[in-house]
Amino acid sequence: MDAVQVNKTLDLKGLLCPIPVVKMAQAIKTVAVGEVIEATATDPGVMADIPAWCRTTGQELVRITRENGVISFAVRRVK
Amino acid sequence: MAVLTTPSPQTAQQPAAAGEPAAANKLTMIVLSGDMDKVFAAFTIATGAAASGMDVTMFFTFWGLQAIRKPRRTGRSLFGRMLSLFLKDINGIGPSKLNLGGLGRWMFKQMMRAHRVPTLPELRQMAVDLGVKFQACQTSLEVMELRREDLIDEVQDVVGVAAMLELARQSKATLFI
């Protein structure tokens, strides 16, 4: 486990596009700049979508991993 | 001849010199289709774009107006009233293939629920909540004998092609569905 402090967690399991990205966009506004959201999802599309969303919105993707069909990732609010 | 084929410095500079703003982070979508599958794609892209920080405007024209229409009788002339019998609202539109007189629509709604995908009205509401703007085509409303009141309240403007094109010119992406 890395030493990133998590400020909010999100359960996006079972949700398909575009909901994971929409929920992330809504959640990121509820944390302060510098804080981290950690989420889990099962839609394989998330592996490409969340990194793309981070690049377009200028947020930092701390990590994204996939294990046994569950994708977990952490995003830090940059702006 | 040489003079005619050589672009003048003035012409070459025009895009910058015209004072047009550089493409903003905007997406303009023209929704012509009234098929469930295509409207579904349109709202999915619109919500995704809005969630990614884009300023999204959806311009609904012709059959696309069904996606922002209230379910009620419309029309003044005989043809207008006849058309009203076939004009659906967002709950009644069927897929472009396999509709089978409404059976396909029902089947896809079941499958969407099974896969926990939002319904079309939910997706449309999500778009509204994310700040997506809805515009309706003035000419289509006239031709199809619809009034502003026949459209959902979330519709911001009823505009023509010049207003839509102005937005499209300022957009990073323009989609026609």
Side-chain angles (χ1 to χ4, degrees), chain A residues 7-62 64 66 68-79, chain B residues 22-29 31 36-58 67 90 95 107-134 154 171-175 177:
Chain A
N7 304 90
K8 191 184 183 92
T9 55
L10 269 186
D11 182 5
L12 307 172
K13 291 198 283 293
L15 301 172
L16 295 178
C17 170
I19 311 299
V21 157
V22 169
K23 297 260 188 208
M24 267 312 289
Q26 288 166 340
I28 204 83
K29 291 189 198 134
T30 66
V31 299
V33 171
E35 292 191 334
V36 172
I37 296 180
E38 189 176 58
T40 47
T42 48
D43 175 16
V46 164
M47 280 302 281
D49 261 19
I50 289 296
W53 176 81
C54 288
R55 286 191 295 272
T56 359
T57 56
Q59 310 301 352
E60 182 199 343
L61 182 64
V62 180
I64 182 161
R66 186 175 175 182
N68 299 326
V70 178
I71 298 153
S72 40
F73 57 91
V75 174
R76 185 190 312 278
R77 179 170 180 183
V78 176
K79 49 189 186 180
Chain B
N25 198 19
K26 284 185 186 173
L27 168 68
T28 304
M29 299 178 87
V31 185
M36 175 213 250
D37 40 9
K38 294 172 189 169
V39 171
F40 191 78
F43 280 120
T44 302
I45 297 167
T47 49
S52 300
M54 292 188 92
D55 187 357
V56 186
T57 303
M58 300 175 85
I90 199 165
M107 182 189 81
F108 278 119
K109 279 185 180 174
Q110 299 298 313
M111 291 179 78
M112 284 168 182
R113 187 171 306 150
H115 291 281
R116 291 179 67 191
V117 161
T119 62
L120 266 186
E122 285 168 353
L123 210 47
R124 184 177 69 188
Q125 186 56 47
M126 205 181 288
V128 170
D129 295 343
L130 288 164
V132 173
K133 295 186 229 24
F134 297 161
E154 286 85 351
S171 299
K172 270 206 172 118
T174 318
L175 298 175
I177 298 185

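In what follows, every chain begins at residue 1, and chains take the letters A, B, ... in the order their sequences are listed.
- For the side-chain contact (heavy atoms from CB on, under 4.5 Å) test with V22(A), the passing option among D129(B), T44(B), L130(B) is L130(B); the others fail.
- Across P118(B), S52(B), G53(B), the residue that shares the most heavy-atom pairs under 4.5 angstrom with chain A is S52(B).
- When C54(A), P18(A), G58(A) are compared by the number of non-hydrogen pairs under 4.5 Å with chain B, P18(A) comes out ahead.
- Here the options are R116(B), E122(B), M126(B), the test is side-chain contact (heavy atoms from CB on, under 4.5 Å), and the partner is I19(A); only M126(B) passes.
- Listed here is the closest heavy atom pair of A51(B) and V21(A): CB-CG1, 3.7 Å.
- For a residue to count as touching a neighbouring chain, one of its non-hydrogen atoms must lie under 4.5 Å from one of that chain's; by this rule L123(B) touches chain A with the side chain only.
- For K23(A), the NZ atom is loosely surrounded, since the number of other residues' heavy atoms within 6.0 Å does not exceed 12.
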